Enquirer: 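Handing you a structure now.
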Amino acid sequence: MTSYFQHRSASELAMCSAEWLEEKNVQVIFARATQIQRSSRRVTYEGPLVRGEIEYDELVLATGSSPFVPNVSGLTTDRAPGIFLYRTIEDMEAILARAQQKGVRKAAVIGGGLLGLEAAKALLDLQMKVTVLEAAPTLMSAQLDMTGAELLRKRLMKIGLDIETQVNLQEVLSNASGVRFIRLEKEGQESFLEVDLLIISCGIRPRDELARQCQLELGTRGGVKVDGCLRSSDPHIYAVGEVASYEGGMVYGLWKPGSEQAEVLAGTLGSPSAGLRYHGSDLSTKLKLLGVNVASFGANAEFWQHRIFDCQDGQANWCVRSVLEGNKYRKLVFRRLPSGGRKLVGGILVESVEDYQSLCDVARCGRELWGLETVVMTHGPRANPGQIEDMVYPRDFPAPVLDMAAMPAVRVVLVGYGPVGHVLLQNLVEQRERRMAITVLCEEPHLAYNRVAMTSYFQHRSVCELAMCSPDWLQEKNIQVIFARATSIKRSHKQVTYEGPSGSGEVGYDELVLATGSAPFVPPVPGLASTAGVFLYRTIEDMDAIIARAGSARGTTRRAAVVGGGLLGLEAAKALLDLGLETHVFESAPHLMPSQLDSVAGELLKKQIESLGCVVHVNVQLQEVLSEDSSGEICAARYLENESEWTLDLELLVVSCGIRPRDELARGCDLDLGERGGVKVDDFLRSSDPHIYAVGEVASHEGGMVYGLWKPGSEQAEVLASTLGSPSAGLRYHGSDLSTKLKLMGVNVASFGESAAFWHGKTYQVLHDDEKPCICVRSVLEEGCYRKLIFKRMPGGSRKLLGGILVNSTDDYHALCDVSRCGKELWGLEPMVLVEGPRVVPGRLEQSFPQARL
């Protein structure tokens with residue numbers, strides 16, 4: 001909008017033409033909506049020339065926002081000439097007309113945010129003396145810390161702006177010719193500022209009056225409350241942009257979040273099968289403000305909402321590194337991890353923004369940083385070795401912590417001690433705001449061990465190799481472990497009842513965490529749950545039983561089978577092969593790993609696994625498990641394959657058909673559950689009881705997704721540890737990336753996506769362009785390698801990488817993950833270069849380009 005002061009042409013700002021609207025068959029009525037009649041699905045409107053009603057099947061509110069005008073005597077735009085908002089073309093024309101009047105030379109802008117400073121620059125270009133009035137202690141207080149804002153203030157004063165901060169407006173005085181004075185109060189002293197022109201730029205408020213009138217649910221700070229599909233409390237009314245309150249909380253006042261919401265809403269209305277969902281927007285910004293390069297970036301919105309950019313080193317587990325040299329300032333905020341690494345959370349850059357985009361990518365992808373990486377990042381791409389050495393030597397030590405011993409201990413009880421429970425403990429003992437007395441109820445006879453590496457047990461057969469902690473570590477951290485199973489929760493008394501080999505009892509809590517994990521799902525097939533020789537694949541005891549059974553197999557067949565062709569089922573098949581058994585895999589889906597791979601990748605994986613000697617059966621329906629009459633031992637399995645019935649003699653059968661959350665404790669005490677089971681938790685991992693939390697495979701985030709993977713559980717554990725031990729940090733959980741890369745029976749397999757919607761909406765299974773609207777699919781299959789990338793067609797002709805599948809070509813997996821997560825727009829040959837991979841030769845790329853249809 002500010003460019004209007006140069007070209008003064010509305011056509012220069014126009015985003016569409018009447019011809020485009022006519023071509024797209026879009027009807028425009030120049031009128032203001034006055035009422036929504038939800039029961040009859042009608043909207044009433046009034047305009048200069050028309051009034052009436054219009055019916056709808058789906059209604060979208062994109063009413064935006066209106067400028068906020070502080071409640072100050074005399075501060076009004078409809079009475080005194082010379083007082084303006086800074087919002088519309090009409091506002092710009094009125095400001096220009098006032099500035100050209102004789103004798104109008106002194107101006108002021110109320111508001112030192114981004115828009116206020118842009119208005120000040122426009123007035124400065126009109127040869128006016130300009131004063132910026134800001135109530136906060138600093139300029140751009142929503143994006144910059146004290147140091148960055150002070151540096152900006154000095155630079156702006158050099159170009160002729162007067163800046164007053166921590167100012168309270170008392171009154172605006174006007175006469176017949178217009179505004180004359182502003183009465184101010186600063187640090188107890190009253191003063192008068194003479195002005196001829198005054199612009200109000202004090203933020204915005206959602207224009208939600210239509211929603212209020214028809215009683216839609218609103219957000220905590222106004223705006224229409226919407227879900228991930230941008231749907232309001234009325235299933236036929238949606239909201240987008242500055243009037244939308246995502247999940248009832250955040251209302252974004254920036255262009256980029258609005259355009260991202262618009263993309264999702266277009267998919268929701270026009271292509272619902274695509275399953276697009278909105279997960280919030282990145283508030284990172286980079287701009288040139290009155291000649292000063294300023295950038296602020298973060299991993300998510302909490303970086304700004306909880307003012308993490310203001311944190312100091314050692315505060316709430318943050319590690320802060322900053323450099324101030326001349327007119328350049330860099331401040332990066334990292335989170336300390338129990339492993340010793342760091343994660344970049346966000347930062348502020350002033351006049352040193354060359355690596356802004358790469359820093360954004362590192363913050364968003366959550367990569368762990370080690371050694372000198374944090375120091376090198378802080379100094380930036382032009383740092384010299386001497387600067388880095390000065391920061392590292394002498395080595396700095398963490399800031400002194402609070403006197404924890406003087407604080408009352410919060411009783412934290414952890415039910416379940418698996419891998420996620422241990423990560424939670426590792427993070428809890430690092431927290432610095434609350435002293436905690438931690439008790440763990442461990443149902444298994446072993447302390448936490450690494451289930452991800454469970455298959456390696458068949459080689460080393462050592463519990464110590466899998467152990468994630470020792471009794472010494474627990475004793476050092478003053479953590480009490482009770483080897484017992486929790487049997488009930490008494491919420492009214494804040495007590496957990498337990499039973500174990502050494503007795504039963506009760507333990508009291510202030511905060512209770514359920515980390516009970518999941519249990520294997522056993523299909524209701526006759527004989528599957530009751531026959532000797534059928535095993536699960538979950539615990540060390542399961543592994544020992546499988547090894548013992550394989551060692552005692554003396555029949556003529558020495559044959560085993562695995563029910564389930566997912567990741568864990570294939571790992572079990574590999575273990576059985578290594579035990580010297582003839583191994584079969586039964587999968588009910590048309591191909592292996594149906595939750596991660598498409599049919600082409602699944603068939604390629606099947607061929608390569610069969611080349612190792614494993615027999616794979618797909619499209620299988622297990623009918624019955626048969627046993628010997630005398631011993632009750634398994635002897636065969638009867639199944640349907642491609643509508644034909646078969647019987648396979650067996651001595652051992654492993655069931656790996658997925659998992660179900662172990663939520664029986666939650667059910668017993670009437671906690672809210674998710675749609676598919678599990679304890680329903682919010683972004684703080686808090687259940688419907690404010691003193692009970694859930695984490696890992698028993699947690700149903702927002703009542704929907706239950707993750708069955710290690711990485712989401714560990715990410716939840718980090719957030720929950722902060723919630724319990726450092727609540728001022730304000731960390732929130734926003735869901736996890738389901739991307740995976742693994743080596744499976746000698747085959748390198750990877751599946752990645754920009755968000756969980758890539759898998760939930762089955763986008764990864766799309767094979768051709770015409771299967772889903774706006775989807776562009778590019779793939780390469782040759783010599784045992786498969787690469788398929790799925791792009792979204794953007795209105796301007798560019799592409800965005802949504803995700804992909806890689807088989808035996810995973811060298812650039814992490815780079816592709818970063819491209820998809822950061823939402824970078826791709827142009828020209830970029831998509832085809834990504835599809836062909838890092839080892840493509842120019843000639844081959846040229847051959848494929850004419851058919852690419854990019």
Side-chain angles (χ1 to χ4, degrees), residues 411-429 436-452 454 466-469 471 473-474 477 479-491 494-501 504-520 536 538-542 659-669 671 673-674 677-681 685-687 689 691-701 706-710 712-721 723-724:
R411 297 174 301 164
V412 177
V413 174
L414 172 64
V415 179
Y417 195 22
V420 172
H422 182 64
V423 174
L424 175 63
L425 293 185
Q426 284 182 306
N427 282 273
L428 275 177
V429 297
M436 287 171 281
I438 302 172
T439 302
V440 179
L441 293 175
C442 180
E443 183 176 344
E444 291 193 52
H446 311 283
L447 297 175
Y449 56 90
N450 188 353
R451 295 191 197 277
V452 176
M454 185 74 79
L466 296 178
M468 298 180 73
C469 71
W473 182 86
L474 293 164
K477 302 300 181 182
I479 297 172
Q480 179 188 9
V481 177
I482 302 172
F483 287 95
R485 180 176 64 87
T487 56
S488 66
I489 299 170
K490 299 178 180 178
R491 289 168 54 186
K494 288 191 179 180
Q495 290 182 328
V496 179
T497 305
Y498 61 85
E499 291 182 3
S504 60
E506 291 181 336
V507 59
Y509 65 85
D510 297 311
E511 310 287 0
L512 175 64
V513 179
L514 300 179
T516 48
S518 60
L536 302 176
R538 183 72 176 166
T539 66
I540 288 175
E541 287 70 32
D542 293 333
I659 56 176
R660 297 294 184 271
R662 288 192 56 192
D663 54 17
E664 57 271 16
L665 284 171
R667 293 178 186 273
C669 67
L671 293 178
L673 303 178
V679 183
K680 182 179 179 181
V681 295
L685 286 307
R686 185 184 291 115
S687 74
D689 184 315
H691 298 286
I692 301 180
Y693 303 78
V695 69
E697 294 172 348
V698 74
S700 173
H701 182 227
V706 176
Y707 295 92
L709 299 172
W710 155 253
S714 61
E715 290 171 343
Q716 291 172 1
E718 288 182 21
V719 172
L720 180 53
T723 299
L724 295 174

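Sequence positions, counted from 1, serve as the residue numbers for this chain. As the structure is a computational prediction, the values presented were derived from the model and not from experiment.
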Enquirer: With a 3.5 Å distance limit and no angle check, can you tell me whether H422 reaches the backbone of M468 through a side-chain donor-acceptor pair?
Expert: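 Between the backbone of M468 and the side chain of H422 there is a qualifying donor-acceptor contact (under 3.5 Å).
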Enquirer: Quick one: do D542 and R538 make a salt bridge, cutoff under 4.0 Å?
Expert: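 No, D542 and R538 are not salt-bridged.
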Enquirer: Given side chains that start at C-beta, do those of L685 and T723 come closer than 4.5 Å, heavy atoms only?
Expert: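 Of all side-chain heavy-atom pairs linking T723 with L685, none is under 4.5 Å.
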Enquirer: Is it true that the side chains of Y509 and H691 contain a donor and an acceptor less than 3.5 Å apart?
Expert: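 Short answer, no.
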Enquirer: Between E499 (side chain only) and R485 (backbone N and O only), is there a donor and an acceptor less than 3.5 Å apart?
Expert: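 No: the side chain of E499 does not pair with the backbone of R485.
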Enquirer: In the structure I gave you, are the side-chain heavy atoms of L414 and L441 within less than 4.5 Å of one another anywhere?
Expert: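 No, every pair of side-chain atoms sits at 4.5 Å or beyond.
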Enquirer: Would the distance check show the side chain of T516 and the main-chain N or O of G416 forming a donor-acceptor pair, the cut-off being under 3.5 Å?
Expert: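 Absent.
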Enquirer: Is a side-chain donor or acceptor of S687 paired with a backbone partner of I692 at a separation under 3.5 angstrom?
Expert: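 Checked: pair present.
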Enquirer: Would you say E443 and Y417 are linked by a side-chain donor-acceptor pair, where the criterion is simply a distance under 3.5 Å?
Expert: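 Not at all, the side chains of Y417 and E443 share no donor-acceptor pair under 3.5 Å.
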Enquirer: Is it true that a side-chain atom of T497 and a backbone atom of E506 form a donor plus acceptor pair closer than 3.5 Å?
Expert: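 Looks like no, no N/O pair under 3.5 Å.
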Enquirer: Tell me, please, which residues at least two apart from R660 pass salt bridge (charged side-chain N to carboxylate O under 4.0 Å, His left out).
Expert: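 If we apply the salt bridge (charged side-chain N to carboxylate O under 4.0 Å, His left out) test to R660, skipping adjacent residues, there are no hits.
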Enquirer: Compare all side-chain heavy atoms of L514 with those of I489 and state whether any distance is below 4.5 angstrom.
Expert: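 Yes, at least one pair of side-chain atoms sits under 4.5 Å.
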Enquirer: Test of understanding: with salt bridge (charged side-chain N to carboxylate O under 4.0 Å, His left out), list the residues that count as partners of E718, not counting sequence neighbours.
Expert: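 Applying salt bridge (charged side-chain N to carboxylate O under 4.0 Å, His left out) to E718 gives R335, K343.
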Enquirer: So do V681 and Y693 actually touch side chain to side chain, heavy atoms under 4.5 Å?
Expert: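 The answer is no; the side chains never approach within 4.5 Å.
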Enquirer: Which is it for I482 and T439 under the side chain to side chain contact (heavy atoms under 4.5 Å, CB included) test, yes or no, and what are the steps along the way?
Expert: CA-CA 8 Å; I482 302 172; T439 302; 3.9 Å; yes
